[in-house]
Amino acid sequence: MFEALKADFKAVFEKDPAARNVLDVILFYPGFHAIVGYRIAHWFWNIGLKNLAMGISFIIRRLTGVEIHPAAKIGKGFFIDHGMGVVIGETTEIGEDVLLYQGVTLGGTGKHKGKRHPTLGNNVVVGAGAKVLGPINIGDNVKIGAGSVVLRSIPENSTVVGIPGKVVRRNGQKLTPAEQLAHGDIPDIESMAIRCLECEIKRLHEELENLRKEINGFSSEVS
């Protein structure tokens, strides 16, 4: 637990450019407070003191606005930026060096028993307000755009946007720290589609104009 907390603390400075010093993080970072509370609650859950674990989780939720079920499995180097409104379900599994922004939900769908929440790989970034729902797998180095709703498994090294979430980029490259912070820097797939339609309309217009000229030329020859 202490090794994980050390990595979590280090991740704050790696992933938040606003982090000024150790005291700021300890006193004023609800995302970090939520992670500390989760680590403690998870330890009690694992040794069988589940009511105590749930009590700690409840207190942390009231204090930070972050709800993490103590049974969830979260790797080292985890960071929640701002934190308010984040929900992480019971059977969620999260790899190492994962970054979540405010309003993220890692939730279930329906009333299924057993594994019903998502599994996130390593080095994943989930943008503000995004929802990842169901027992799906999110591969390593995936970037999920702000406001996206992901309902299907996503291969590694992908960028996902939209409702429902669609893969719009696969470059095979691991995200750098700067790219992790740019969770709003995502392709505008709607404008891309509109530009494609504009090009197609322009092409059809040119073909019709050429056809009109040919018809006019043929009419002139007949006359």
S.K.: Side-chain contact, heavy-atom cut-off 4.5 Å: V98 with N122?
M.R.: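 With C-beta onward as the side chain, the pair stays apart.
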
S.K.: When you look at E3 and K6, which way does the salt bridge (charged side-chain N to carboxylate O under 4.0 Å, His left out) test go after all the steps?
M.R.: CA-CA 5 Å; E3 184 181 348; K6 183 178 179 181; over 6 Å; no

S.K.: Apply salt bridge (charged side-chain N to carboxylate O under 4.0 Å, His left out) to the pair D8 and R39, showing each step before the final yes or no.
M.R.: CA-CA 10 Å; D8 296 335; R39 297 291 184 197; 2.9 Å; yes

S.K.: Taking atom types as modelled and ignoring hydrogens, do the side chains of T92 and H117 form a donor-acceptor contact shorter than 3.5 angstrom?
M.R.: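 There is no such pair between these side chains.
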
S.K.: My understanding is that only one of I74, V87, I94 makes a side-chain contact (heavy atoms from CB on, under 4.5 Å) with I68; could you say which?
M.R.: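 Going through the options one by one, the only one that passes is I74.
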
S.K.: Using 4.0 Å as the upper bound for N to carboxylate O, is an ion pair formed by R203 and E200?
M.R.: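 Yes, this pair counts.
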
S.K.: In plain terms, say whether E67 and R61 are close enough for a salt bridge, that is, a side-chain N and a carboxylate O under 4.0 Å apart.
M.R.: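 So E67 pairs with R61 through a salt bridge.
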
S.K.: Apart from L208 itself, what residues make up its hydrophobic cluster when side-chain heavy atoms of I, L, V, M, F, W and Y under 4.5 Å apart count as a link, directly or indirectly?
M.R.: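 Noted: L208 shares its cluster with no other residue.
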
S.K.: Taking A71's backbone N and O only, do any of them form a donor-acceptor pair with H69's side chain (distance below 3.5 Å, no angle check)?
M.R.: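 Here the side-chain-to-backbone pair exists.
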
S.K.: Going by heavy atoms in the side chains, are I144 and V125 under 4.5 Å from each other?
M.R.: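 In short, these two side chains do not touch, never coming nearer than 4.5 Å.
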
S.K.: Taking only residues two or more places apart in sequence or in another chain, which ones pass side chain to side chain donor-acceptor pair (under 3.5 Å) with R62?
M.R.: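 If we apply the side chain to side chain donor-acceptor pair (under 3.5 Å) test to R62, skipping adjacent residues, there are no hits.
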
S.K.: Can N157 and N141 be counted as having a side-chain donor-acceptor contact under 3.5 angstrom?
M.R.: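 On atom types as modelled, these side chains qualify, holding a pair under 3.5 Å.
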
S.K.: For a 4.5 angstrom cut-off between non-hydrogen side-chain atoms, does D81 reach L100?
M.R.: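 When only atoms from C-beta onward are counted, L100 and D81 do not touch, as no gap falls below 4.5 Å.
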
S.K.: Are any of the side-chain heavy atoms of P118 and V132 separated by less than 4.5 Å?
M.R.: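 Yes; the side chains approach each other to less than 4.5 Å.
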
S.K.: Does W45 sit in a hydrophobic cluster with other residues, and if so which ones, taking ILVMFWY side chains as linked at heavy-atom separations under 4.5 Å, directly or through other members?
M.R.: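 W45 shares its hydrophobic cluster with M54.
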
S.K.: Within the 4.5 Å heavy-atom criterion, are F9 and I26 side-chain neighbours or not?
M.R.: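 Yes, side chains in contact.
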
S.K.: Between T64 (side chain) and I60 (backbone), is there a donor-acceptor pair under 3.5 Å?
M.R.: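 Yes.
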
S.K.: Can you confirm whether V124 sits close enough to D140 that some side-chain heavy atom of one is under 4.5 Å from a side-chain heavy atom of the other?
M.R.: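 The answer is no, as the side chains (C-beta and beyond) never meet within the 4.5 Å cut-off.
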
S.K.: Could you tell me whether the side chain of K50 and the main chain of F44 form a donor-acceptor pair under 3.5 Å?
M.R.: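 Side chain of K50 to backbone of F44: no pair is present.
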
S.K.: Determine whether a donor-acceptor pair (N or O, by modelled atom type, separation under 3.5 Å) exists between the side chain of Y38 and the backbone of A72.
M.R.: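 Indeed, once roles are kept as given, a pair shorter than 3.5 Å links the two residues.
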
S.K.: So E93 and K115, do their side chains get closer than 4.5 Å, heavy atoms only?
M.R.: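 Yes, close enough: below the 4.5 Å cut-off.
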
